[in-house]
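Input: a single structure, listed below in structure tokens.
Because the structure is a prediction, the values reported are computed rather than measured. Just so it is clear: chains get the letters A, B, ... in the order the sequence lines come, proteins before strands, and each one is counted from 1.
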There are 4 protein chains.
Amino acid sequence: MKLKKEEKKNQIIQAAIRTFAKNGYFNSRVSEIAKEAGVADGTIYIYFKSKDEILSAIFDEALDKFVAVSEERLKNISDPIERLEAIAFLHLQYLGANRDLATVFQIEFRHNIVFMEKFTRSKLRDYFRIIRETIESGQQKKVFRKLDPKFGTKLFFGMIDEMVTSWLLSKKDYQLEKAAKSLTRAFVFGLAEC
Amino acid sequence: MKLKKEEKKNQIIQAAIRTFAKNGYFNSRVSEIAKEAGVADGTIYIYFKSKDEILSAIFDEALDKFVAVSEERLKNISDPIERLEAIAFLHLQYLGANRDLATVFQIEFRHNIVFMEKFTRSKLRDYFRIIRETIESGQQKKVFRKLDPKFGTKLFFGMIDEMVTSWLLSKKDYQLEKAAKSLTRAFVFGLAEC
Amino acid sequence: MKLKKEEKKNQIIQAAIRTFAKNGYFNSRVSEIAKEAGVADGTIYIYFKSKDEILSAIFDEALDKFVAVSEERLKNISDPIERLEAIAFLHLQYLGANRDLATVFQIEFRHNIVFMEKFTRSKLRDYFRIIRETIESGQQKKVFRKLDPKFGTKLFFGMIDEMVTSWLLSKKDYQLEKAAKSLTRAFVFGLAEC
Amino acid sequence: MKLKKEEKKNQIIQAAIRTFAKNGYFNSRVSEIAKEAGVADGTIYIYFKSKDEILSAIFDEALDKFVAVSEERLKNISDPIERLEAIAFLHLQYLGANRDLATVFQIEFRHNIVFMEKFTRSKLRDYFRIIRETIESGQQKKVFRKLDPKFGTKLFFGMIDEMVTSWLLSKKDYQLEKAAKSLTRAFVFGLAEC
DNA sequence: GATGAATGAGGCTTCATTCAT
DNA sequence: CATGAATGAAGCCTCATTCAT
């Protein structure tokens with residue numbers, strides 16, 4: 001019973017991801033999501049308080065899952081450079097595997113500034129912490145030079161994030177995660193010759 | 001007469017930037033922009049065909065101005081590393097000087113994938129070209145190692161872009177352009193020790 | 001369920017007829033129709049795509065019903081003169097029984113040449129055909145003299161139509177259908193003495 | 001000076017006739033009429049109090065001119081049948097000569113019921129009187145049989161009116177006034193054989 | 001729990017009219 | 001007289017949300 005409920009909730013979330021990806025949050029209709037999910041309009045409101053809450057649920061769920069998977073995969077990697085590459089790989093793979101989810105993340109996450117702040121301060125904080133701790137660890141091991149780890153985190157995240165956005169805007173459907181290696185190499189060793 | 005018309009158009013654009021920055025495009029009302037600009041609702045439609053066109057005009061104007069200023073400033077800088085730093089500086093300074101404009105750029109620009117594509121394919125292309133040519137020039141001078149220049153462009157842009165977004169979300173009002181030097185250093189020399 | 005839906009649709013149509021009759025199509029507000037029908041503004045749009053479509057529906061329905069009733073009543077009348085009189089009677093009775101509907105028909109039907117053409121080419125064509133075939137039948141029976149039947153149809157229709165318009169503009173509420181006999185007599189035998 | 005003023009007023013009226021004929025009164029914009037007349041929007045309001053008054057002026061002027069011309073032409077025709085034919089001819093010729101004016105007359109005259117009543121009670125009354133007196137004269141001369149002359153007037157007017165409407169809806173540009181003879185014959189002698 | 005018809009607040013936009021130049 | 005930029009009231013329609021069935 002409880003399972004069935006979770007199933008239907010997920011069904012609605014998946015429908016919302018497809019709908020938001022196609023038309024954007026503000027140009028998507030609740031009735032459209034309902035149709036896509038194969039339920040009645042009113043049913044949406046049994047599982048979610050409002051249209052806005054569906055969007056939040058998408059991010060909540062996707063971020064939770066991503067952080068959980070990432071922590072699991074990173075558990076046994078101790079080399080800082082290897083870890084950074086793994087992080088980039090997981091990030092690119094996760095969004096590269098689901099273009100609709102990626103679209104919602106890259107486009108609708110910037111829903112409005114309050115919305116962004118909310119996630120940046122909670123769920124996304126965990127992700128940023130993973131990157132930051134990896135950089136700090138590398139600095140302790142003298143693999144990385146001195147540099148504000150928070151600053152480095154932003155730079156690294158910015159690189160990955162732009163790869164995803166660029167991939168979305170490109171019509172070509174290349175393997176996004178393949179960029180992880182050279183992205184990390186660029187971040188660690190820079191663009192300079194030698 | 002012509003001047004006055006341009007003045008009023010600009011007045012509306014500035015009001016729209018403030019309004020969009022505050023509430024986001026979709027949660028802003030045309031009547032609110034009108035009030036903020038000190039004109040009647042209908043007056044907006046003498047200068048713009050639709051609400052959507054106001055948003056486009058903001059980007060059009062801001063990007064044109066930015067590219068024009070940048071090209072002027074970069075004219076006499078030939079050293080690739082210096083050029084990259086100048087680009088980062090100009091970018092960060094331009095948006096750092098106008099928090100409302102920055103908000104609209106970082107939040108509203110990605111509100112709609114079609115809208116993004118439109119600008120990425122035209123106005124923004126010029127900006128990306130400036131970065132790319134600088135990287136290519138550095139590669140010819142053997143200052144930069146071999147790496148797809150387009151890929152490098154994305155990484156560099158991604159770093160800058162994330163700095164701006166992070167600055168917006170931060171409550172602290174630090175000097176954004178101060179990051180240009182260390183950002184460029186990180187991009188060119190990487191994070192690795194020595 | 002289906003019945004209830006048809007009922008409500010009809011309820012809106014009747015409200016629209018009253019509203020259009022009172023103020024004319026362009027000076028009628030959708031909110032006024034809704035109020036008159038006892039439903040919310042938005043409900044109108046569950047049953048009709050647009051304000052314009054309500055007007056079309058009024059004509060569609062009224063013409064369909066009129067042609068159906070007329071064909072039924074005329075089935076057993078073979079004498080051409082009797083048939084013409086019956087047609088005039090039915091036409092005058094139909095509109096004479098519902099002053100609001102008559103107003104919409106006489107005033108709003110000609111509000112727009114494109115709108116008129118649409119109905120003249122479809123629904124109204126059936127009605128004109130009934131008149132024309134009666135004239136042709138009378139000519140075959142040598143009751144009527146040679147005359148382009150289409151021309152005759154227009155003349156006959158014009159006579160009836162003007163009776164309705166005149167009745168609408170008159171404040172007196174006389175029995176419109178009483179004119180059928182003398183109208184037909186005038187059409188068939190003319191104004192000449194003997 | 002006065003002449004020039006009248007000229008410009010007429011210029012606006014002609015522009016309004018073309019504009020109303022094309023789009024109908026409610027779908028015509030004052031700015032469109034101004035453009036068509038080659039004057040500024042505000043200039044319209046120097047010559048007319050409102051948009052509605054332009055429409056009234058069109059009917060005022062056209063009806064005055066028509067009645068004046070008709071009375072002049074009918075002065076020397078005493079035979080009732082000849083007079084009726086002349087009336088039909090003048091009516092059909094007048095509107096047949098200016099399709100735009102005819103469109104405005106047949107379509108926009110039914111602007112709303114109050115508007116119609118206003119003209120039917122004043123300007124149009126003169127025209128109806130001309131027809132009615134002709135019928136009465138024919139009855140006195142025993143050319144026409146006994147029949148309420150007002151009733152006969154409506155029938156005759158209805159026939160002519162429908163000819164005009166039918167011509168408007170027809171794409172063919174036939175000579176409308178050619179129908180005057182057979183129309184009158186039909187009205188006087190009827191459709192009956194012999 | 002599920003439905004989907006009904007609600008009604010509110011937005012974008014139009015356009016007749018005004019009035020300072 | 002002529003202009004046309006500015007006004008702002010008001011309409012059509014949309015759509016998130018509710019609730020009786």
Report the residue (D:Tyr25 or B:Tyr25) whose heavy-atom-nearest nucleotide on DNA chain E is the more 5′ of the two. B:Tyr25

For the residue pair D:Asp41 and D:Ser31, what are the closest heavy atoms and their distance? OD2-CB, 3.3 Å

Between F:dA16 (C1') and A:Phe26 (CZ): distance, integer Å: 13 Å

Report yes if a side-chain nitrogen or oxygen of D:Arg29 is closer than 4.0 Å to either non-bridging phosphate oxygen (OP1 or OP2) of E:dA16; otherwise report no. yes

Classify the ring geometry of B:Phe26 against A:Phe26: parallel below 30°, tilted from 30° to 60°, perpendicular beyond 60°. parallel

Could you give the OH-to-P distance, from B:Tyr45 to F:dA5, as a whole number of Å? 19 Å

How close do C:Ile107 and D:Arg110 get, heavy atom to heavy atom, and via which atoms? CG2-O, 3.2 Å

Do you know which two heavy atoms are closest between B:Phe59 and B:Val104, and how far apart they sit? CZ-O, 3.8 Å

To the nearest angstrom, the CD-P distance between D:Glu7 and F:dC1 comes to 13 Å

Restricting both atoms to N or O, compile the protein contacts to nucleotides 6-9 of chain F shorter than 3.5 Å, with distance only.
unit_1, atom_1, unit_2, atom_2, d
F:dA6, OP1, B:Lys8, NZ, 2.9
F:dA6, OP1, B:Tyr47, OH, 3.3
F:dA6, OP2, B:Tyr47, OH, 2.5
F:dT7, OP2, B:Ala40, N, 3.0
F:dT7, OP2, B:Thr43, OG1, 2.4
F:dG8, N7, B:Gly42, N, 3.3

Could you pull out the closest heavy-atom pair between A:Ser56 and A:Lys118, with the gap in Å? OG-NZ, 3.0 Å

How many whole angstroms separate atom CG of C:Asn27 from atom C1' of F:dA10? 13 Å

When you check the side-chain N and O atoms of D:Thr43 and D:Lys8, is any donor under 3.5 Å from an acceptor? no

Between C:Phe105 and C:Phe109, what is the ring plane arrangement, given parallel below 30°, perpendicular above 60°, and tilted in between? parallel

Nearest whole Å is fine: how far is F:dG11 C1' from C:Asn23 CG? 14 Å

Quick one, which residues of residues 49-56 of chain D touch DNA chain E with a heavy atom under 4.0 Å? D:Ser50, D:Lys51

Give a yes or no on this: more than 12 heavy atoms of other residues, nucleotides or ligands lie within 6.0 Å of atom NZ of C:Lys22. no

